[in-house]
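Here's the structure, in structure tokens; my notes come after.
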Amino acid sequence: MAKEMQKAYEPRLVEDEIYDSWLKSGYFTPENLPNAAERKEVFSVVMPPPNVTGVLHLGHALEHSLMDAMVRYQRLLGKKVLLVPGTDHAAIATQAKVEKKLMAEGMKNPRQELGREALLEKIREFAESSKATILNQVKKMGTSADWSRLAYTFDNDRNAAVNELFTRMYNDGLIYRGFRVVNWSVKGQSTCSDDEIVTIEREATLYTFTYGKDFPISISTTRPETKVGDTAVAVHPADDRYKEFVGKTFDVEFAGSKLSIKVIASDEVDPEFGTGALGVTPAHSAIDFGMYEVQKAKQDVIEIKQVIGIDGKMTVQAGSMVAGMTVEAAREAVVAWLKEHNLLEKEEVVPQNVGTSDRYGDVIEAIPMTQWWLDVNKEIPGRGKTLRDFMREAVTTGLNGNIDQKVTITPDRFTKLYLDRIENLRDWCLSRQIWWGHRIPAWYRNVIASEAKQSTSGDENMELYVGTVAPEGEGWTQDEDTLDTWFSSGSWTFSTLGWPKNTADLETYHPTSWMQMGYEILYLWLMRMILMSTYAVNQIPFKDAYIHGILRDKDGKKFSKSSGNGIDPIEVINEYGCDALRISVLSGITPGNDSRYYTEKVESARNLVNKLWNISRFIFTTSSGARYVESVMPKTLADKWILARFSETTQKVGMLMDRYDFSLAIEVLRDFTWNDFADWYLEIAKIEKGKEDILLYILQRLLVLWHPFAPFVTEEIYKNFDSGMIVVAEWPKVAHELSSEDADAFERIQEIVIMIRNMKSEQKLPASGIPAVSIFSESQNRVDLLLSVKPLFERLGRCDIRVEKASAGEMLSVPEVGVGVVSRQVGDVSIYMALGEVDFDKEKTRLSKEIVECEKFIAMQESKLANEDFVKRAPEKVIGVERQKLSDLQEKYGALKKEQEALVS
RNA sequence: GCGCGCAUAGCUCAGUUGGUUAGAGCGUCACAUUGACAUUGUGAAGGUCCGUGGUUCGAAUCCACGUGCGCGCACCA
């Protein structure tokens, strides 16, 4: 017998307990699944590791709802399912967070004040506590992860993987130390990659000037302070204005600095822009640095002069006037100097895009340095291809032309975005000067690493060793720098499965089956996972990538700390339940598009969950007990209909899940559960008795369909069946089909019931009133059908019913009860309702309105069919449908006319 | 500058390869309700599918142009 069920479902009381029972069952570990050996098909997912920077937000709720719904669905299908959980040390993000916290607590410069080890200890503490919180939250969200395989991007195994990968890439010549202009965050005191830059638009002043009175060319800049570092002026080779100067060098005194400016020709200069001449600052502009390299290759060397230091202040090389100043102060000083010497020709305010650090927020400076780089264009020894080739193949032909090694991106448009990006890909700057992260597995001798890094001349006179462990011998110092955090998260799909060891997990679960992520990390993460995986294991990281949008607040704004619109998913779970949250964030979403979160949606999802609960409660309390029902035979038309509808729903939901259409799957399920099952069939079950088996049969399977979206409530209800846990139940089989005849018959019954309700409502008859209703048809079959379900009309439509076979002529004289009668036509069935008092005016208005509408449609239909082109060209099937439509309309028109006549009499 | 996305009921969104009188949820209005559920039931109202032109027998759907919003990339001297 079913255990006592509360009147309303209270998620708070059961969710934790249920999650514990799942943990105890061991089913999240694929090897522990029932019949594990027979589960041939594997479905594996590696959880995108949340950053250990604090707590999970609603965006994570979306991710976990998507991921867990998919994983649970696959488990119900009987596959060997693995979901690997983990967290990300998130190098810069976490260090930035802790530094900010320490500074808020009064420290001025945490790195200086604490030193490396003590600061790392602080960060570790924070990360560990954050990790614990996060993992707890993941459980709260119901995520069915295999905790025995828990990983962390910064644990020992992952560190070993990172070192191995770095060493292999170095030995293959893909990783190298290179001197060039890098993105430098002064605030963060570290480099960052191109992908970690956020461009913002701001106003800037564009100054046009000459370096000195004797200098023949004017140039423009928004950064006058950097001009003390200029070593050349570039003009377009075909520009006649400046041709005569190309190749000449001018010595000028500029703002306290002696400049030696060579005029060079470069195709990159746009002669139409500004003065058509460009002041070249090789040390502080990536483009100018490019020119410097071109000149070097041409053996027409120009100088490189670093005038901004890593502290964001002007260097000694910048000259006595500005040395030691911040860039902002130096800018003012240089402008003042230009004005004073009458060299400034023009000042104008222009919009300007500047790159800022995504973590520290400061403007990125271009500074020349030696850093570690990953070459994406170099042929990999023994593979005949570059990393860029691999990345391209992975989403087009499949890796090495193997279509089984192809990543399918949903929605497809992101594939194009990805490919565009691949074509513009530059070498990846790997080294970071922050401390929280994987230390670069490189060791130096003779030269101290930190000095080498800042030297502008490169790494000569230095012995270098790269390996997974420190080299033997005296005097080795490990590189102080750490790796870009995406280096470890890029290897996440295989490092979590045991790589570089040749493990069974790697063999069984890689490439993983599915991955979901937000489009904002497409470049940062998806690309790098493909890069790392194709290189390291010669496999794609996952077969399918589902790209989701951002969850925004009700006004469409991004959730962020600064706008204070954050919502704690755990609070939502505590109030409405995890299932409601999951359903609400998955409802109304389409791949790649943003969606909105609002409380009404969660409430509505909570109501739905409660409906499911009460459906179960009704079925259990009206049955002799919950039990497993193997199969059922439909007895009545309603039985046939509901079983077929359930089969159809099962099939649709499966198909939609296979297409990753979570939103529509929920809609289909909701529609069946609430409308078909609860509002129709359960009501019918109160009238036609003996439906216990069918109700139990459908309910048990319906719970399984719901389980991916609402794991907790379904598990709680499922307990009543004593059929084990729903988490490992079997996806229902499609077992019943509906003949079109039965479908039509049942629909007609529904229409009549609705029409009766409608008539009562329109005539303002209280719903409790029981009017006398007569329904007629000329078809004996129809009459037989109607008679067989007479009680349904009486109870569902709340009326006294009489069913007779009658012809059109006979109908008019029929109801002898009461003073007034209204009539309606539903297909071949006429309905007459006797009312004590008929609102004739209302009825007339309604009728004439309907008649006008009907005439309109008939006219439309007729003209359509009169169109020769249509009849000639449209497929016959379509024409048949249109003809049928017209005859239905004509029939309806006739009926309406008759109703009108009847009304008059 | 190049590219992408979005524009459908008051709100949030569906609408699968072009083929009913364009749908759902929420909200609104009316009615009901002691026996699964007020976290409920029944019914109704509500749309120039952003605009213009084109292709087609037929366009919310395909094409072109335009408008508005959002985003990516590049430029950023």
Is Asp671(A) salt-bridged to Lys652(A), cutoff N-O under 4.0 Å? no

Could you work out which one of [options] sits closest to the side chain of [X]?
X         : options                   : value
Asn607(A) : rG5(B), rU39(B), rU20(B)  : rU39(B)
Phe857(A) : rA14(B), rU21(B), rC57(B) : rU21(B)
Val878(A) : rU16(B), rA36(B), rG19(B) : rG19(B)
Ser604(A) : rC57(B), rG25(B), rA36(B) : rG25(B)
Lys416(A) : rG70(B), rU12(B), rG3(B)  : rG3(B)
Arg552(A) : rU20(B), rC6(B), rG70(B)  : rG70(B)
Thr590(A) : rA14(B), rG43(B), rU21(B) : rA14(B)

Per the atom types in the model, does the base of rA36(B) pair as donor or acceptor with the side chain of Glu683(A) at under 3.5 Å?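 Looking at the base of rA36(B), it does pair with a donor or acceptor on the side chain of Glu683(A) (distance under 3.5 Å).
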
Distance-only donor-acceptor test (3.5 Å): side chain Lys611(A), base rC37(B): yes

[N] versus [M] - spacing of their [atom1] atoms, nearest Å:
N       : M       : atom1 : value
rG46(B) : rU21(B) : C1'   : 16 Å
rC4(B)  : rC63(B) : P     : 11 Å
rC62(B) : rG68(B) : P     : 22 Å
rU16(B) : rG54(B) : P     : 25 Å

With both distances under 3.5 angstrom, what nucleotide forms a Watson-Crick or G-U wobble pair with [N]?
N       : result
rG1(B)  : rC73(B)
rA22(B) : none
rC62(B) : rG54(B)
rA44(B) : rU28(B)
rA7(B)  : rU67(B)

Nearest non-hydrogen partners of [X] and [Y], listed with the distance:
X         : Y         : value
Lys227(A) : Leu259(A) : O-CD1, 3.5 Å
Ile615(A) : Ala678(A) : CD1-CB, 3.8 Å
Ser285(A) : Ala366(A) : N-CB, 3.9 Å

Hey, does [X] reach any base, or is it just sugar-phosphate, or nothing, if we go heavy atoms under 4.0 Å?
X         : result
Lys7(A)   : sugar-phosphate
Asp420(A) : nothing
Arg606(A) : base
Lys686(A) : base
Thr222(A) : sugar-phosphate
Ile615(A) : base
Lys856(A) : nothing
Asp270(A) : base
Tyr523(A) : sugar-phosphate
Leu664(A) : sugar-phosphate

Think [X] has a side-chain N or O under 4.0 angstrom from the OP1 or OP2 of [N]?
X         : N       : value
Arg617(A) : rC37(B) : yes
Arg596(A) : rU12(B) : yes
Gln763(A) : rG43(B) : no
Asn353(A) : rC75(B) : no
Arg757(A) : rG43(B) : yes
Lys760(A) : rA44(B) : no
Trp674(A) : rG41(B) : yes

Could you check whether Arg645(A) makes a cation-pi contact with Trp674(A), meaning its NZ or CZ is under 6.0 Å from the centre of the six-membered ring and within 45° of the ring axis? no

Within 45° cone and under 6.0 Å: Lys885(A) NZ/CZ vs Phe857(A) ring: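 Here Lys885(A) fails the 6.0 Å and 45° test against Phe857(A).
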
Output the rounded distance in Å from [atom1] ([X]) to [atom2] ([N]).
X         : N       : atom1 : atom2 : answer
Met527(A) : rG72(B) : CE    : C1'   : 13 Å
Lys864(A) : rA59(B) : NZ    : P     : 9 Å
Lys764(A) : rA30(B) : NZ    : P     : 9 Å
Ile547(A) : rG72(B) : CD1   : C1'   : 14 Å
Leu551(A) : rC13(B) : CG    : C1'   : 14 Å
Leu608(A) : rC37(B) : CG    : C1'   : 12 Å
Arg883(A) : rG19(B) : CZ    : P     : 20 Å
Gln884(A) : rU21(B) : CD    : C1'   : 16 Å

Any donor and acceptor pair, going by atom type alone, linking the side chain of Asn614(A) with main-chain N or O of Arg617(A) inside 3.5 Å? no

Donor-acceptor pair, Asp594(A) side chain versus Ile550(A) backbone, under 3.5 Å? yes

When you look at Tyr546(A) and Phe662(A), which way does the ring pair (Phe, Tyr, Trp, His ring centres under 6.0 Å) test go after all the steps? CA-CA 11 Å; Tyr546(A) 174 96; Phe662(A) 300 89; 5.6 Å; yes

Closest-nucleotide ordering on RNA chain B, the 5'-leading residue of Pro875(A) and Pro351(A):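 Closest to the 5' end, via its nearest nucleotide, is Pro875(A).
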
Assign each of Ser616(A) and Gln352(A) to its nearest nucleotide of RNA chain B by heavy atoms, then name whichever residue's nucleotide is nearer the 5' end.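 The residue closer to the strand's 5' end, by nearest nucleotide, is Ser616(A).
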
